[in-house]
Number of protein chains: 2
Amino acid sequence: MRRSSHSLVKPTSPYNNPPTTSQTHGKACLPRDGTITRKAIMDAAQGLILETGFSAASVDAVIARAGITKGAFFYHFKSKAELALALVQRDAEADTAHLQSVLDRAEALSRDPLQQLLICIGLYEEETAKLTAPYPGCLYASFIYESQLFDDATMQVVREVFSHWTARIGAKLEAAMAMYPPRLPVNVTTLAEMSLALAEGAFILSKVQRDPAALAAQWRHYRNYLELLLAPQLPSVAGVKRDKLDAPVAAK
Amino acid sequence: MRRSSHSLVKPTSPYNNPPTTSQTHGKACLPRDGTITRKAIMDAAQGLILETGFSAASVDAVIARAGITKGAFFYHFKSKAELALALVQRDAEADTAHLQSVLDRAEALSRDPLQQLLICIGLYEEETAKLTAPYPGCLYASFIYESQLFDDATMQVVREVFSHWTARIGAKLEAAMAMYPPRLPVNVTTLAEMSLALAEGAFILSKVQRDPAALAAQWRHYRNYLELLLAPQLPSVAGVKRDKLDAPVAAK
DNA sequence: TTATTTATACCGACTAGTCTGTAAGTTTCT
DNA sequence: AGAAACTTACAGACTAGTCGGTATAAATAA
């Protein structure tokens, strides 16, 4: 028996372990790194799931696409359900971090909460405009339409991403509306949720039309709506074109 | 262990399934009517598909819910794929007819194309506000997220419903915009598609939140947007309430 | 230096059960 | 009698998951 660190379960794996794999002792010998295989499995699975749904994305199909074997799959995930959870967690973390960075950028670009919001939406519009090839999709939506297949923990992750998104956007909206009274009475929560609904709906449109352009177009409409609803002086009337990303900033 | 006709467990009499059973007794006993079974199969399948997706809605599960047997299933549908096509066609016909009737009503209520559009949306808002029990869903969206499982003919039906919807709404929008120049430059097609995107997105929200209220809320926002964009005189500014059809919802 | 141990990472055949679809027979109405 | 509307039983493919075994590399011992 080992003496130090009488670890029962986690003998501190030698050669992989994520934290900083950058540490190269002379030779980048790519030590047997399970994280590569793990990521290959997750990427293959995510792609398949968005094409066929979770049920039809069989373990056999996943390992074929990932170019590994069944043993490797079940070494990394003790069940297919665990893969589902890992996938949705990975997306949730990425999306949450991404929203944070977009909000940070928007806050650096303007001090006005309405402008921050509009910039934020503009940034999403910009990014989605670049999307191309494989008509994108949203794992959350895919899971939601097969929700009975997943355990509570998995669906809870989805619910949390959604409510976190709504809360962040809602808070900004709240600040903007405190400064610029809306021209129509609106519910802040559903107005924040509208961004989610449009994004999800646009994913569906883009899949039907095999054209990711719908995403940017719907973000643009959301931005229009917020501007018409809140901007202190409306953009110039019909025909005159507005320029991107900055709207009339009236001094209160 | 073969048992003859007097099975006790699941005789599940044929042509049973009294959905509403107008037919009661005496003479008019609908002669073995396959359409009842056929509908039972389709209803059971649709419900299951919205809960678990098409793949996981196995024939065994469908027949169990419908209360019939496997032979009956394959008597009515020569394959599971044919069931998928039949389902999506049924929904497409129903939705197209429903849109037609809503447009008819709206056109009877106003001669102004903008008002017709707003009424139309208001009617959808009204109807969805009543929804309750099983968090609704859209078969098209479900299929789209498993699209690789279906043949072209099936997905083509979905594409056609979508483009038909967009065309009908788009035409009304076109007429409204010819009369009332929009306050911001917008693309008519994507503006029409926005109604679809919002509806699909709201279905997803309602499933996540287990609350169908999202549907009506998003229709309302769509109506707001069109009004702000096109209405010749904006509804009174902030604070003053607008009439009819709504209770001004308190924030949050 | 070299040999041994140990843990990770992976392989692929195998199992028990589920899947869609078929075949052949039974019941019920005309 | 004949057709429509079923039923039960079964076939073969595919499913998630298991299990014994192997390759590699680091840690340790010689």
Side-chain angles (χ1 to χ4, degrees), chain A residues 1-5 7-18 21 23-41 45 48 52-64 66-84 149, chain B residues 1-17 23 27-41 45 48 52-64 66-84 149:
Chain A
M1 285 289 187
R2 307 149 116 346
R3 29 152 223 87
S4 69
S5 83
S7 64
L8 7 152
V9 216
K10 290 250 160 97
T12 62
S13 71
Y15 19 48
N16 63 351
N17 258 350
T21 59
Q23 150 245 326
T24 60
H25 35 288
K27 175 186 165 193
C29 59
L30 250 206
R32 284 168 69 84
D33 186 351
T35 65
I36 291 173
T37 300
R38 188 181 166 91
K39 181 171 186 303
I41 294 171
L48 272 169
T52 67
F54 183 75
S55 285
S58 70
V59 175
D60 281 340
V62 169
I63 65 177
I68 48 104
T69 61
K70 203 162 250 191
F73 180 95
F74 285 101
Y75 174 78
H76 287 283
F77 302 97
K78 78 175 206 290
S79 71
K80 202 186 162 191
E82 199 179 271
L83 168 66
L149 304 179
Chain B
M1 68 201 300
R2 155 73 169 235
R3 191 185 310 131
S4 184
S5 59
H6 45 288
S7 69
L8 39 148
V9 182
K10 282 228 171 164
T12 61
S13 76
Y15 44 125
N16 60 350
N17 290 341
Q23 149 264 339
K27 169 95 219 98
C29 90
L30 290 182
R32 284 171 76 85
D33 187 352
T35 65
I36 292 174
T37 300
R38 188 180 166 92
K39 181 171 186 306
I41 294 171
L48 272 168
T52 66
F54 183 76
S55 285
S58 69
V59 174
D60 281 341
V62 169
I63 65 177
I68 48 104
T69 60
K70 195 164 277 189
F73 179 96
F74 285 101
Y75 174 77
H76 286 283
F77 302 96
K78 77 174 206 291
S79 70
K80 202 187 164 192
E82 200 180 272
L83 168 66
L149 303 179

OP1 or OP2 of [N] versus the side-chain N and O atoms of [X]: is any pair under 4.0 Å?
X	N	answer
T37(B)	dC6(D)	yes
H76(A)	dC10(C)	yes
Y75(B)	dA5(D)	yes
S58(A)	dT15(D)	yes

[X] side chain near [Y] side chain, heavy-atom distance below 4.5 Å:
X	Y	answer
T37(B)	Y75(B)	no
V62(B)	I41(B)	yes
L83(B)	H76(B)	no
S55(A)	T52(B)	no

Starting at [atom1] of [X] and ending at [atom2] of [N], how long is that distance when rounded to a whole Å?
X	N	atom1	atom2	answer
K78(A)	dG17(D)	NZ	P	10 Å
L83(A)	dT15(D)	CG	C1'	15 Å
F77(A)	dA16(D)	CZ	P	15 Å
L149(A)	dC19(C)	CG	C1'	15 Å
I63(B)	dA5(D)	CD1	P	18 Å
I68(B)	dT26(C)	CD1	P	20 Å
K80(B)	dT18(C)	NZ	P	16 Å
D60(A)	dG12(C)	CG	P	13 Å

*Please assess D33(A) against I36(A) for the test side-chain contact (heavy atoms from CB on, under 4.5 Å), listing each intermediate value before the final yes or no.*
CA-CA 6 Å; D33(A) 186 351; I36(A) 291 173; 4.1 Å; yes
*Please tell me which of the listed nucleotides, dT7(D), dA16(D), dC11(C), lies nearest to the side chain of T69(B)?*
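For the T69(B) side chain, the nearest candidate turns out to be dT7(D).
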*A72(A), nearest nucleotide to its side chain (from dT20(C), dA16(D), dC11(C))*: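 My answer, after comparing the listed nucleotides, is dC11(C).
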*asked:* Looking at the base of dA13(C), is there any donor atom on it, or on the side chain of K70(A), that sits under 3.5 Å from an acceptor on the other one?
replied: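 No pair found.
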*asked:* Go nucleotide by nucleotide along DNA chain D from the 5' end; which of F73(B) and F74(A) gets its closest nucleotide reached first?
replied: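 The 5'-side residue here is F73(B).
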